Amino acid sequence: MADLAAFHAWMSDFASVVADRAEELTELDRVIGDADHGSNMARGTAAVAALAQEDFGSIEAYVKKVGMTLVSTVGGASGPLYGTFFLRMAGPLAEVQDAGTAELGEALSAGVQGVLARGKAELGDKTMYDAWSPALEAYRNTADQGGEVRAALQAAAQGAAEGRDATIDLVARKGRASYLGERSKGHQDPGATSTTLLLESAARSLA
Ligand code: ADP
Ligand code: MG
């Protein structure tokens, strides 16, 4: 079960991981993009980490504010995508004070639908969706077998990591990396990498 404190802990954990790994994210983006993914994400997650839990009466209100903060601070392609993820995640969490496996699964699913609606990426386009999609599938499989929140999120993080690794061999068809065409092959996608960090952080914090 995950309450407001757990969601807040998730964002604190993610912000510290992104701060630690910002150079690595930027380096990935330097190779197939414009070398700003780490700095974009570090700026946005620091702004999110500065939100005080006491200012929010519900998970829904907090997650919405997280989304709006990411939209206004991250920038680039990834800001609106991560922002939309959290804004859409809020829907299924309305009225929920302690999210269980099913509620969290619905929230993740709504968030990923938001990423899709916003970015129009398809599986195999070498974007963050290539991490989100197997993560969601793994989450559902574990939840369907009766797994608790932590087990489902650990499976999601594992799925995301596999999807992230699979982006290496893909040719980018969306975002800046698509300008490189075939030359984008052989390099890991930065957004799929940060999505994996987000889910690993969730598996540590949201249970
Ligand atoms: P920008 O590309 O504007 O510099 P970032 O560097 O912050 O923005 O983020 C780049 C990441 O955004 C990519 O690695 C990719 O995962 C993700 N991305 C870009 N375009 C899309 C899209 N249309 N759908 C999903 N993800 C996308
Ligand atoms: Mg970039």
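Keep in mind the model is a prediction, meaning the values are calculated, not measured.
With sequence neighbours left out, E24 forms a salt bridge (charged side-chain N to carboxylate O under 4.0 Å, His left out) with R21. With sequence neighbours excluded, no residue forms a ring pair (Phe, Tyr, Trp, His ring centres under 6.0 Å) with Y129. With sequence neighbours left out, the salt bridge (charged side-chain N to carboxylate O under 4.0 Å, His left out) criterion links R183 to no other residue. Every residue was checked against the salt bridge (charged side-chain N to carboxylate O under 4.0 Å, His left out) condition with D36, not counting sequence neighbours, and none meets it. Partners of H187 according to the ring pair (Phe, Tyr, Trp, His ring centres under 6.0 Å) rule, which considers only residues two or more places apart in sequence or in another chain, do not exist here. Residues satisfying the ring pair (Phe, Tyr, Trp, His ring centres under 6.0 Å) test with F14, not counting sequence neighbours, are none. A search for side chain to side chain contact (heavy atoms under 4.5 Å, CB included) contacts involving A135 returns A156, A160, L199, not counting sequence neighbours.
With contacts defined as side-chain heavy-atom distances shorter than 4.5 Å, the pair D165/Q188 qualifies. Between Q158 and T142 there is no side-chain heavy-atom pair separated by less than 4.5 Å.
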Could you pull out every donor-acceptor pair under 3.5 Å between side chains of residues 75-82 and any protein atom, sequence neighbours left out?
residue	atom	partner	partner atom	Å
Y82	OH	G191	O	3.4
Y82	OH	S194	OG	2.6
Y82	OH	T195	N	2.9
Y82	OH	T195	OG1	2.8

Show me the side-chain donor-acceptor pairs of residues 143-151 shorter than 3.5 Å, one per line, residues at least two apart or across chains.
residue	atom	partner	partner atom	Å
R150	NH1	A203	O	3.2

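Remark: side-chain polar atoms of H8 are paired, donor with acceptor, to backbone N or O of L51 under 3.5 angstrom. Of the possible donor and acceptor atoms, none in the side chain of D130 sits under 3.5 Å from a partner among the backbone N and O of G163. A donor-acceptor pair under 3.5 Å links the side-chain atoms of S16 to the main chain of D13, judged by distance alone. Side-chain atoms of S184 come within 3.5 Å of backbone N or O of A172 as a donor-acceptor pair. Remark: side-chain polar atoms of T167 are paired, donor with acceptor, to backbone N or O of D189 under 3.5 angstrom.
The stretch residues 58-79 participates, sequence neighbours left out, in these salt bridge (charged side-chain N to carboxylate O under 4.0 Å, His left out) pairs: E60-K64. Counting only residues at least two apart or in different chains, side-chain hydrogen bond (donor to acceptor under 3.5 Å, both in side chains) contacts with residues 102-121 comprise S109-R140.
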Pair D169-K126, side-chain contact (heavy atoms from CB on, under 4.5 Å): steps then yes or no: CA-CA 9 Å; D169 287 334; K126 197 181 180 96; over 6 Å; no
Trace of the side-chain contact (heavy atoms from CB on, under 4.5 Å) decision for Y139 with L104: CA-CA 10 Å; Y139 184 101; L104 197 57; 3.3 Å; yes
Criterion side-chain contact (heavy atoms from CB on, under 4.5 Å) on F7 and V66, from CA distance to verdict: CA-CA 10 Å; F7 276 81; V66 167; over 6 Å; no
F86 and M11: CA distance, side-chain angles, deciding distance, side-chain contact (heavy atoms from CB on, under 4.5 Å) verdict: CA-CA 11 Å; F86 283 98; M11 291 299 103; 3.6 Å; yes
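Annotation for L180: hydrophobic cluster partners, listed by chain and number, are V31, I32 (ILVMFWY side-chain heavy atoms under 4.5 Å, direct or chained).
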